[in-house]
Amino acid sequence: MKLKLLLLFFGSCFIMIKGFTQQQFILKGNVRGRDTGYIVLRYTDYTGKYIQDTTYLLKGQFRFEGKINEPTFAGLKGYKNIIDFKEVNYTNFFLEPDTQKISLTENDYDHYVFEGSKTQREYDTLKIHFDSIRSKYKQLEQQIIKAKYAYDAAKTEEEKNTALDKENEILVQLEPSNDEFKHQDISFVVSHPDSYVSPFITSVLSNTLPLDSAEMLYNKLTLRVRNSWIGKDIADMIRKKKQNRVGNKAYNFKATNANGNTFSLHDFSGKYILLDFWASWCKPCRAEIPHLKELYNQYHPKGFDIITISIDMDSAAWVNAIRQEKINSWNNVLANKDINDNYQNTSQPIPSQILIGPDSKVVWTLQSEESMDDVLKRLIK
C-alpha cells in the first residue's frame with residue numbers, strides 16, 4: 001500500500017517547552033548500528049502543512065518536537081541505502097500529540113519498535129495482516145528482484161527486453177495480492193471507523209475505487225474522524241469526483257498555456273477534449289506521450305484536441321520536458337488554483353485522463369469500463 005501523504009521537517013536542537021499541551025508531540029528515538037549523522041522526520045503539522053525536520057544523532061539517540069492537533073501519518077528517513085531496489089532506511093508510522101519512543105535498526109527501518117501511540121498500535125494490527133499477505137507471495141517478489149537485477153546487468157536491448165518481459169509476467173501473477181491488500185484495507189476501515197488510520201487508508205482507496213464505493217467507505221467513518229484534516233481532504237476529493245463524473249459538465253477552468261496565451265475549457269466547446277494530467281518527472285506519463293501523439297494525429301482533423309495539465313512545481317523542468325517531447329501541437333498548462341480546486345486528478349496518481357465531449361460533458365474517466373481508445377473510436381467517426 002503506497003501512501004504518498006508525507007513531506008519532511010527540518011530542525012536542529014530542540015528546547016523543552018514548558019506548559020506542554022496536547023497539541024505538542026515529542027518523539028524520542030535511537031538507531032542501532034549508527035551513532036552519528038542526520039535523520040529526517042516527515043509529518044503534517046496542526047495547520048495541515050507538510051513539514052520536514054532534520055536533526056542529528058548523538059550516540060545513536062535523537063529527538064524531535066512539533067505541533068499537531070490529531071494523530072497523523074509520519075515517516076523517518078536516514079542515510080539513503082537501496083538494497084534489493086528498496087530504501088531500507090525509511091519507514092512510516094503514526095504520531096500523536098504526546099510523548100513517543102521509536103527504536104530503529106540501521107538498514108532495516110521497517111522493523112521498528114514504537115511506544116506511546118494508540119493509533120500506531122491500531123496500525124500495527126493492519127501491518128500484521130499485510131505481512132501475512134506478503135509472505136504468501138514472497139517467492140514471486142524475489143523473482144521480480146532477480147528480474148530487475150537481470151535488467152540492470154543486461155548488455156543488449158534483447159537482454160533488457162527479456163528481463164522486462166519476465167518482470168511483467170511475474171507482476172501479472174502478483175495481481176491477486178493487490179486485491180488481497182485492498183480487501184484488508186476495506187475490512188480495517190469498516191471495523192475501525194473511529195481510528196485515525198482509517199481516513200488515510202480511505203484517502204488512498206478513493207483514488208482507485210468507483211465513486212459510489214469511495215463515498216460509501218467515507219460515510220463509514222465517525223464524525224470525529226471525518227473532521228480530521230485528511231477526512232476533510234477526502235470529502236473534497238469526493239466533491240471533485242462528483243463534479244467531473246461521466247455525464248456531468250466538466251468544470252470550466254481558466255489557464256495560461258506555455259506560450260503565454262490564456263484560454264478557458266469552454267473555448268473548446270464543439271470538440272472532444274482530452275485532459276491529460278502529468279509531470280516532467282513522471283516516467284509513465286512521458287512513456288504515454290507517443291500514444292497521445294498518435295491519437296492527436298488521428299482524431300484532431302475530426303474535432304479532437306488535447307490539453308496536458310502538469311503538476312510540476314519546477315516550471316523550468318516543465319518547459320524543458322515540453323521541448324524534449326515536442327508536444328507543442330496542443331495546449332500545455334501548469335495546474336493552477338482553479339484546476340487544483342476542481343479536479344481531483346492533480347492529487348491522485350498520474351498519469352490520469354478525462355475525456356470531454358462537444359457538449360462539455362465528461363464522456364470518459366479512468367474509472368470507466370471502456371478504454372479511452374475504444375471510446376474515441378466509437379464516438380469520433
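- Of all heavy-atom pairs spanning N89 and N81, the tightest one is ND2-CB, 3.7 Å.
- Donor-acceptor pairing under 3.5 Å is recorded for the side chains of R32 and S103.
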Q.
Using the rule given for side-chain contact (heavy atoms from CB on, under 4.5 Å), can you reason through Y218 versus R226, listing the C-alpha separation, both sets of side-chain angles and the distance that settles it, and then say yes or no?
A. CA-CA 8 Å; Y218 170 76; R226 275 184 274 161; 3.4 Å; yes

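- In terms of heavy atoms, L209 sits closest to S213 at CB-CB, 4.2 Å.
- Checking T346 against N340 by side-chain atom types alone, a donor-acceptor pair falls below 3.5 Å.
- Ring geometry for Y343 versus F277: interplanar angle of 30 to 60°, hence tilted.
- For F64 and Y43, the ring centers are positioned 6.0 Å apart or more.
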Q) When you look at D276 and I309, which way does the side-chain contact (heavy atoms from CB on, under 4.5 Å) test go after all the steps? A) CA-CA 6 Å; D276 179 74; I309 301 172; over 6 Å; no

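- In this structure, a donor-acceptor pair under 3.5 Å is absent between the side chains of Q344 and R239.
- Using modelled atom types, one finds a donor on one side chain and an acceptor on the other under 3.5 Å when comparing Y112 with Q120.
- K160 forms a cation-pi arrangement with Y151, by the criterion of a distance under 6.0 Å to the ring centre and an angle within 45° of the ring axis.
- Proximity of the aromatic rings of F73 and F94 is defined here by a centroid distance below 6.0 angstrom, and this criterion is met.
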(Q) Using the rule given for ring-ring contact (aromatic ring centres under 6.0 Å, His included), can you reason through F130 versus F181, listing the C-alpha separation, both sets of side-chain angles and the distance that settles it, and then say yes or no? (A) CA-CA 7 Å; F130 285 163; F181 282 124; 5.3 Å; yes

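- Ring centroids of H192 and F188 are separated by less than 6.0 Å, placing the two rings close together.
- The aromatic rings of Y50 and W229 stand perpendicular to each other, their planes meeting at an angle above 60°, with 30° marking the opposite boundary.
- For Y90 and Y109, the distance between ring centers is not under 6.0 angstrom.
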Q | Verdict with supporting geometry, Y79 and Y38, ring-ring contact (aromatic ring centres under 6.0 Å, His included) | A | CA-CA 7 Å; Y79 286 150; Y38 67 82; 4.7 Å; yes

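- Of the residues L355, N345, T308, L265, the one that meets the side chain to side chain contact (heavy atoms under 4.5 Å, CB included) test with L275 is L265.
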